[in-house]
Amino acid sequence: MGRRQAKDMNGKQITKLGFEKKAIALALTAATARERAGLGRDDILSELYAVKDNPEAYLSGGVYADLARELAAQNAKNRARQGEALRPTPLPYRIWGEDLIEPGATAQMDVAMRLPISRTGALMPDAHVGYGLPIGGVLATEDAVIPYGVGVDIGCSMMLSVLPLAANGLSTDEARALLLKHTRFGAGVSFEKNVRGDHEVLHEETWREQSILRHLYDKAAEQIGTSGSGNHFVEFGTFSLGQADLDLEAGEYLAVLSHSGSRGFGAQVANHYTKTAQDLHPNLDPAARKLAWLPLDTEAGQGYWQAMNLAGRYALANHDLIHARLARALGVKPLVQVSNSHNLAWKQLVGGEERIVHRKGATPAEAGQLGLIPGSMADPGFVVRGRGNAEALASASHGAGRQLGRKAAANTLAKRDVQAYLRERGITLIGGGIDEAPQAYKRIEQVIARQSDLVDVVGQFTPRVVRMDTGSEDV
DNA sequence: ATGTTC
């Protein structure tokens, strides 16, 4: 009779209870033990049902402990899987300058707005396709941060120094010589040891608080004050102020504008935590794989938040040193400096709730907040003042935005056309490449016009002598 | 964007 009962238990009953895979075997083992103890089939089934209903109550020991452990693990996995499911349709979000934005970028933003952690978002008029979140994307999440929602170049940022010198007070040759002497460009590049700069950011305790930061400290110290590659630049130009503002009189000033990020340090932080986030979400829809997030109440989430903010401060320190070297060489102190990060996440109140606002290639634009929106190596950039537009989560574009990808630019643009564009505007270029040609970017005037409800223009910067990294193909 | 990518 006992054998018949065991055979029955082996049959439909256990699967009927909803056990799967490993749990079936564990349930059978436990059931057999209870049979030997003299229990009948119905009693055993009701015990199994109770274990399934509340495995946590059976974890501490007894004949059902192994089964309870397996069921608890399965429940946790199912909960995690549920938490990773994308919404069937994207949450609504507003787009500025939709006529300037390629469909691929809105498609990426749609995926971001289907994440279970997403709450609100917006797309800026310079938007174009990126990894994960599009460049020009603004995304507010709840209690979670997305490493690729910030971008690989954590803390990428802009700085302008308005100098107490006439706009024509520096010759092209002098400007060239200063840029060559005091800036360094290129992947992997650092400053020579005898001229390496120092900055308070390198003396923060933060570097000692996680292993990845300890590991990357030396690289950060070697590379501080450098400019990297791609679209990063340092340039001399003319800052034009139509009316008194920024504690300056109206007029034209010599100015320095730079675009730089957190170099190898930030890139390695981004890659490390992106991998951590992806490992944490193995069942995430492949469409959203690059948008894997870290819950802020986990050690990994806190670790990323700390490292991201350090990379943000480090990137601004790079600008500080670049501008300090050039001002010192000219024997002047800047009259005014403006700077802003455009690849970062911030804690921000959105509709009265605390959200994590990711800006990946977007300028913070709270009411009254100053920001910098460059055009291209040969087009004007703008100092802007935010209007605090709530639907844009108080944001604006971070530049003109690409209209041609790097390969497309190299394949379709003619060198002589790029040279003519530079010559017509009186631009002297050191380094640079065809993939950074002005023609590869949207028209900055159009991009600015599409966001008149996000920012007011304060002044204009016109580049004159520009240094960039050597591109894939010279101009 | 970074040096050559788990």
For residues 408-419 of chain A, run the donor-acceptor check on the side chains, cut-off 3.5 Å, and write out each pair with its distance to 0.1 Å, sequence neighbours left out.
from     : atom 1 : to       : atom 2 : distance (Å)
A/Asn411 : ND2    : A/Lys407 : O      : 3.2
A/Thr412 : OG1    : A/Ala408 : O      : 2.7

Compile the donor-acceptor pairs under 3.5 Å between side chains in residues 222-229 of chain A and protein atoms, sequence neighbours left out, one pair per line.
from     : atom 1 : to       : atom 2 : distance (Å)
A/Gln223 : OE1    : A/Gly264 : N      : 3.1
A/Gln223 : NE2    : A/Val189 : O      : 3.1
A/Thr226 : OG1    : A/Gln223 : O      : 2.5
A/Thr226 : OG1    : A/Arg263 : NE     : 2.7

Which donor-acceptor pairs under 3.5 Å do side chains of residues 124-134 of chain A form with protein atoms, sequence neighbours excluded?
from     : atom 1 : to       : atom 2 : distance (Å)
A/Asp126 : OD2    : A/His398 : N      : 2.9
A/Asp126 : OD2    : A/His398 : ND1    : 2.5
A/Asp126 : OD2    : A/Gly399 : N      : 3.3

Distances for protein N or O near nucleotides 1-5 of chain B N or O, under 3.5 Å:
from  : atom 1 : to       : atom 2 : distance (Å)
B/dA1 : OP1    : A/Asn231 : N      : 2.5
B/dA1 : OP1    : A/Asn231 : OD1    : 2.0
B/dA1 : OP1    : A/Asn231 : ND2    : 3.0
B/dT2 : OP1    : A/Arg263 : NH1    : 2.7
B/dT2 : OP2    : A/Ser229 : N      : 2.6
B/dT2 : OP2    : A/Ser229 : OG     : 2.4
B/dG3 : OP1    : A/Lys219 : NZ     : 2.9
B/dG3 : OP2    : A/Gly188 : N      : 3.0
B/dG3 : OP2    : A/Gln223 : NE2    : 3.4
B/dG3 : N7     : A/Ala187 : O      : 3.1

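Considering only residues two or more places apart in sequence or on other chains, A/Asn194 meets the side-chain hydrogen bond (donor to acceptor under 3.5 Å, both in side chains) condition with none of them.
Applying the side chain to side chain donor-acceptor pair (under 3.5 Å) test to pairs two or more places apart or on separate chains, those with a residue in residues 368-386 of chain A are A/Asp245-A/Arg385, A/Ser376-A/Asp379, A/Asp379-A/Tyr421.
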